[in-house]
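Hydrogens, waters and symmetry mates play no part in the numbers below; they use all other heavy atoms, side chains included. Atoms within each ligand, like the ligands themselves, are counted from 1 in listed order.
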Amino acid sequence: MLCLGIESSCDETSAAVVDSDRNILSHIIYSQIPDHQKYGGVVPELAARAHILAIDEVVRKTLADAGKTINDIDVIAATAGPGLIGGVLVGWEFAVGLSQATNKPLVAVNHLEGHALVPRLTNNVEFPYLLVLASGGHTQILLARGVADYEIIGQTLDDSAGEAFDKVAKMLGLGYPGGPIVDARAGLGNPTAFKFPRPLCDKPGCDFSFSGIKTSVRTQVTNNKERIANESFINDICASFQAAVVDCIINRLQNALRNDRVKAANPGALVVAGGVAKNSAIREAMEKMALEAGLAYAAPPLNLCTDNGAMIAWAGIENYRLGRMVKEPVAPRPRWPLTEL
Ligand code: KG4
Ligand code: ZN
């Protein structure tokens with residue numbers, strides 16, 4: 001079975017052809033980062049227009065790269081939310097048009113489920129698994145029981161992890177998107193140079209709070225204005241900030257493993273997904289934790305952590321297999337929690 005997947009919920013216009021044997025036949029990710037960089041973040045209206053300009057070419061080239069035509073495709077899948085609604089509309093309506101013109105089945109993919117299921121495409125992870133889904137818009141610990149069946153075990157009470165990385169980068173004048181830059185600079189710094197807080201870490205439960213760490217970084221930066229041009233100061237801030245985020249994720253996961261519902265479900269693997277799953281320190285710490293807990297560990301390859309069409313195509317296949325295609329017109333949704341599938 002061949003699925004064409006389309007993603008347009010943020011600043012990547014992406015499409016992929018994926019088959020049900022877990023092969024990615026072709027994959028194009030057209031990033032708009034250069035369009036948004038000068039504004040220090042994604043500008044929704046610019047993103048929507050850039051998607052309109054790119055989508056036709058991205059889909060045509062994806063099919064051509066796979067050596068296929070639209071007639072060879074069995075099912076079409078596109079992100080129908082959550083995300084920046086202008087962009088979601090572009091990809092979703094494009095997919096609706098293709099599906100109607102070709103009479104092919106259509107799956108409305110939840111973008112978060114795309115992130116959540118991609119480790120099954122790349123690592124063949126079996127349900128149930130304990131998942132840290134950390135992106136620019138969300139940070140959650142989820143019990144993935146099955147397709148369309150997720151339980152939130154913990155989530156951020158304020159900023160997402162990606163947002164915290166991006167804001168810290170902005171304070172330090174490091175550019176956008178901040179996560180990869182902070183990650184790289186952290187590798188050059190001393191993680192114990194600054195003692196940033198670990199919010200909620202002495203508390204029961206599995207929720208996160210990242211805004212306090214960010215505020216504490218801001219205080220250090222404000223108090224050390226004369227050192228902001230100093231490379232080692234920046235590297236140390238990045239390393240110390242990243243260490244605080246990693247400690248919070250691991251502490252919350254330790255509680256999650258003690259959670260009664262998680263214990264009853266007995267997940268076989270610890271999995272990380274979403275853009276922040278690219279982070280080297282988070283990957284390393286979670287792998288170590290999984291080993292200690294006797295769990296398998298999986299993280300998608302780096303290019304499938306941030307937004308991409310292959311994860312949407314795969315989620316399309318998984319949902320289609322269960323008969324979860326669109327049966328009547330649906331409107332895309334800016335907000336669409338994983339618990340409302
Ligand atoms: O999943 P994603 O591509 O988009 C959303 O669905 O939000 O995630 C983007 C986020 C951005 O905040 C970016 O800074 C962050 O992922 N990110 C990272 C790294 N690479 C990307 N955060 C930390 N370390 C990284 N290496
Ligand atoms: Zn995403």
Side-chain angles (χ1 to χ4, degrees), residues 5-14 29-33 36-37 40-42 44 47 51 78-85 87-88 91 109-119 131-140 142 155-156 159-172 174-189 191 208 210 213-214 217 238-239 241-246 248-249 272-286 299-312 314-315 334-338:
I6 299 174
E7 157 62 29
S8 63
S9 69
C10 191
D11 57 351
E12 269 93 22
T13 318
S14 181
I29 303 175
Y30 170 73
S31 173
Q32 305 174 1
I33 287 173
H36 301 288
Q37 234 149 13
V42 179
H51 285 302
T79 299
L84 300 173
I85 196 64
V88 175
V109 174
N110 177 299
H111 177 85
L112 299 172
E113 185 168 47
H115 282 301
L117 292 178
V118 78
L131 169 71
V132 175
L133 201 170
S135 68
H138 297 80
T139 299
Q140 300 179 327
L142 296 156
Q155 59 188 327
T156 183
D159 291 354
S160 72
E163 222 175 324
F165 271 95
D166 292 337
K167 286 179 180 165
V168 164
K170 202 168 184 174
M171 281 174 218
L172 297 170
L174 296 177
Y176 178 86
I181 312 172
V182 171
D183 189 355
R185 300 296 290 255
L188 307 170
F208 300 96
F210 294 111
I213 316 179
K214 179 195 68 188
V217 171
C238 290
F241 162 75
Q242 186 169 280
V245 172
V246 170
C248 291
I249 292 176
V272 61
V276 181
K278 269 189 171 172
N279 187 271
S280 55
I282 294 172
R283 289 171 87 96
E284 200 178 302
M286 279 188 60
L302 299 185
N303 68 325
L304 298 184
C305 289
T306 31
D307 294 346
N308 67 87
M311 72 182 193
I312 303 303
W314 178 251
R335 290 185 189 282
W336 186 7
L338 268 180

Using residues 180-189 as the side-chain source, report each donor-acceptor pair under 3.5 Å to any protein atom, sequence neighbours left out, with the distance given to one decimal.
residue, atom, partner, partner atom, Å
D183, OD1, S280, OG, 2.7
D183, OD2, S280, N, 3.1
R185, NE, N235, OD1, 2.7
R185, NH2, E231, OE1, 2.7
R185, NH2, N235, OD1, 3.3

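In this structure, T139 contributes its side chain and T156 its backbone to no donor-acceptor pair below 3.5 Å. R283 places a side-chain N or O within donor-acceptor distance of the main-chain N or O of A277, the cut-off being under 3.5 Å. No side-chain donor-acceptor contact under 3.5 Å links E12 to the backbone of S31.
Here the rule is side chain to side chain contact (heavy atoms under 4.5 Å, CB included) with T79, and of S8, S9, S14, C10 only S9 fits it.
The side-chain heavy atoms of M311 and H111, taken from C-beta on, include a pair separated by under 4.5 Å.
Taking the six-membered ring for Trp and thresholds of 30 and 60 degrees, F210 and F208 have nearly parallel ring planes, at less than 30 degrees apart.
Every side chain to side chain donor-acceptor pair (under 3.5 Å) that E113 has, sequence neighbours left out, goes to Y150, N319.
Within 6.0 Å of CD on Q37 lie more than 12 heavy atoms contributed by other residues, nucleotides or ligands.
Protein N/O/S atoms closer than 2.8 Å to the Zn ion (ligand 2), listed by chain and residue number, are H111 NE2, H115 NE2, D307 OD1.
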Contact table ligand 1 N or O to protein N or O, d under 3.5 Å:
residue, atom, partner, partner atom, Å
ligand 1, 1 (O), H115, NE2, 3.1
ligand 1, 1 (O), G275, N, 3.0
ligand 1, 1 (O), D307, OD1, 3.1
ligand 1, 3 (O), D307, N, 3.0
ligand 1, 3 (O), D307, OD1, 3.2
ligand 1, 4 (O), D307, OD1, 3.2
ligand 1, 4 (O), D307, OD2, 3.2
ligand 1, 6 (O), H111, NE2, 3.2
ligand 1, 6 (O), D307, OD1, 3.3
ligand 1, 7 (O), G136, N, 2.8
ligand 1, 7 (O), G137, N, 3.2
ligand 1, 8 (O), G136, N, 3.4
ligand 1, 12 (O), G162, O, 3.3
ligand 1, 12 (O), D166, OD2, 2.7
ligand 1, 14 (O), D166, OD1, 2.6
ligand 1, 14 (O), G179, N, 3.0
ligand 1, 24 (N), G179, O, 3.4
ligand 1, 24 (N), N279, ND2, 3.0
ligand 1, 26 (N), D183, OD2, 2.9

